[in-house]
2 protein chains.
Amino acid sequence: MDTLALQSPSEPAPKRSFRQQMHLAREDAIVSAVNRLLAEKGFESMTVDEVAAEVGIAKASLYKHFPSKEDLAAAAMVRVMQRAQAFLDGLDTKRPPLDLLREVARWTMVVQLAGEMPSLPSENSSLRATLTTNKAYVDGLMDVSDRLGAWITAAQAEGSLNPSLPPIAVLYTLYARACDPVLGFLKGSGQYSNEQIIEMVLSTCFDGLKAR
Amino acid sequence: MDTLALQSPSEPAPKRSFRQQMHLAREDAIVSAVNRLLAEKGFESMTVDEVAAEVGIAKASLYKHFPSKEDLAAAAMVRVMQRAQAFLDGLDTKRPPLDLLREVARWTMVVQLAGEMPSLPSENSSLRATLTTNKAYVDGLMDVSDRLGAWITAAQAEGSLNPSLPPIAVLYTLYARACDPVLGFLKGSGQYSNEQIIEMVLSTCFDGLKAR
DNA sequence: GTCTATAGACCGATAGAC
DNA sequence: GTCTATCGGTCTATAGAC
């Protein structure tokens, strides 16, 4: 465990490293719990007491890490954005841009079906204020949007993506797949595997409902 | 107005019809307020006090009409379903089934952009319980789904709709357009008119993102 | 011994219910 | 208009790392 290594005599640990490690580990556990609860019940229905109970710590301890419920949600969104950036980093950018976009859409659906995609109400003003002032989140969102935007325009220039759609509309359409209620409905019908559901929604998203 | 017609001497009104009319009119005003508030802020953020204030009646009076907040939301959904049924009734069923489906999708978007589409959290269990035991809502939903389902299979048989998609997946995809966050995002960008937004989302829905 | 983080009681506000 | 439950957020005594 890293904690022990940092305390080994050969590599003297910085002061208070044990506590720092504990602090970070606990923060990670908090964000994981928030992420799961946000995916499961949404922001309004999630209570801070639930988060504390799931992590196994007292509610007051939560407030030593995050000053408000909104900041808890923001931390979960920051982590999702980091996961998205890591996924984008792992893609081979030599592939056709349309394939890259499809892979991104597929990834968001996998995360959602795994119950790991936090979904926030877009109308909550205090939450929006917290999110838009969270540099890590805004920077991550901008980075992801820039990378996707480049692939969108490249795909349109290449002729593989409908060029009459504004890139921003394509971008939002892809983002919307990450919180598409259709996935939950189809899963709730109990007739299809996760893979089948993802293939169907990818088909409607990229190929449309009409016959080709 | 119907109220006057019912009270005309040629067709004697039933006893207490005035009170009944007032009762119905107030109920209609309540449902309208609930509908608007649900569309604007969602179920969790809507408070019963707000509803009472918007209608201009005492909160206690609300409970003479509807026994709970969940039933208020259910009443709004029943009305939306009735509006949908009325819209379907007005369509010319001689038209190609794909055109009919497109018109339905367009209608849901018009309603949503008009701020008149109540959107409920699909995960709230007490709300789900109330909805699934509301006969008017369930019957309306079944009727609408049956009619759309017939057009979907007809369009697939005709070759105008992708026949490899399960009809239920097509149905859910159309329903999802009624609460598509993409509409709100595009409207929030301030760059497009409602008509442009609807045309873009109709295009991505039926034609897909890929170039044809 | 000191200092920090914790646990769990506690508070004010607000919502649903009647 | 009142009552009760619940939620977000705070306070204080204490346990444990250093």
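- One finds no side-chain N or O of Y63(B) lying less than 4.0 angstrom from the OP1 or OP2 phosphate oxygen of dC18(C).
- You won't find any donor-acceptor pair under 3.5 Å spanning the side chain of K59(A) and the base of dG8(C), going by distance alone.
- Rounded to a whole Å, the CD1 atom of I57(A) is 12 Å from the P atom of dG8(C).
- Listed candidates were dG16(C), dG8(D), dT6(C). Nearest to the side chain of S61(A) is dT6(C).
- The nearest whole Å value for the distance from the CZ atom in F66(A) to the P atom in dG8(D) is 16 Å.
- Atom CZ in R26(A) sits roughly 15 Å away from atom P in dT4(C) (whole-Å rounding).
- Counting distance only, with no hydrogens placed and no angle test, the side-chain atoms of K69(A) and the base atoms of dG9(D) include no donor-acceptor pair under 3.5 Å.
- Remark: K69(B) is not positioned above the aromatic ring of Y63(B), lacking an NZ or CZ atom under 6.0 angstrom from the ring centre and at most 45 degrees off the axis.
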R147(B)/D89(B) under salt bridge (Lys or Arg N to Asp or Glu O under 4.0 Å): CA gap, chis, key distance, verdict: CA-CA 10 Å; R147(B) 291 202 242 178; D89(B) 289 338; 2.8 Å; yes

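- Among the nucleotides dG16(C), dC7(D), dA7(C), the one closest to any side-chain atom of T47(B) is dG16(C).
- In this structure, CD of E70(A) is placed 9 Å from C1' of dG8(D), rounded to the nearest angstrom.
- Between the CG atom of L37(A) and the C1' atom of dG8(D) there is a distance of 16 Å, rounded to whole Å.
- Between R36(A) and the options E116(A), M46(A), K41(A), E54(A), a side chain to side chain contact (heavy atoms under 4.5 Å, CB included) holds for only E54(A).
- Atom C1' of nucleotide dA9(C) and atom CG of D49(A) are separated by 12 Å, given to the nearest angstrom.
- What separates CG of L62(B) from P of dA15(C) is a distance of 14 Å, to the nearest Å.
- Considering L91(B), L88(B), D92(B) in turn, L91(B) is the only one that fulfils the side chain to side chain contact (heavy atoms under 4.5 Å, CB included) rule with L100(B).
- Residue E27(A) contributes atom CD, which lies 16 Å from atom C1' of dT6(C) at whole-angstrom precision.
- A salt bridge links R106(B) to E199(B): one of the charged nitrogens lies within less than 4.0 Å of a carboxylate oxygen.
- If A60(B) and A60(A) are placed on DNA chain D by their nearest nucleotide, the residue sitting closer to the 5' end is A60(B).
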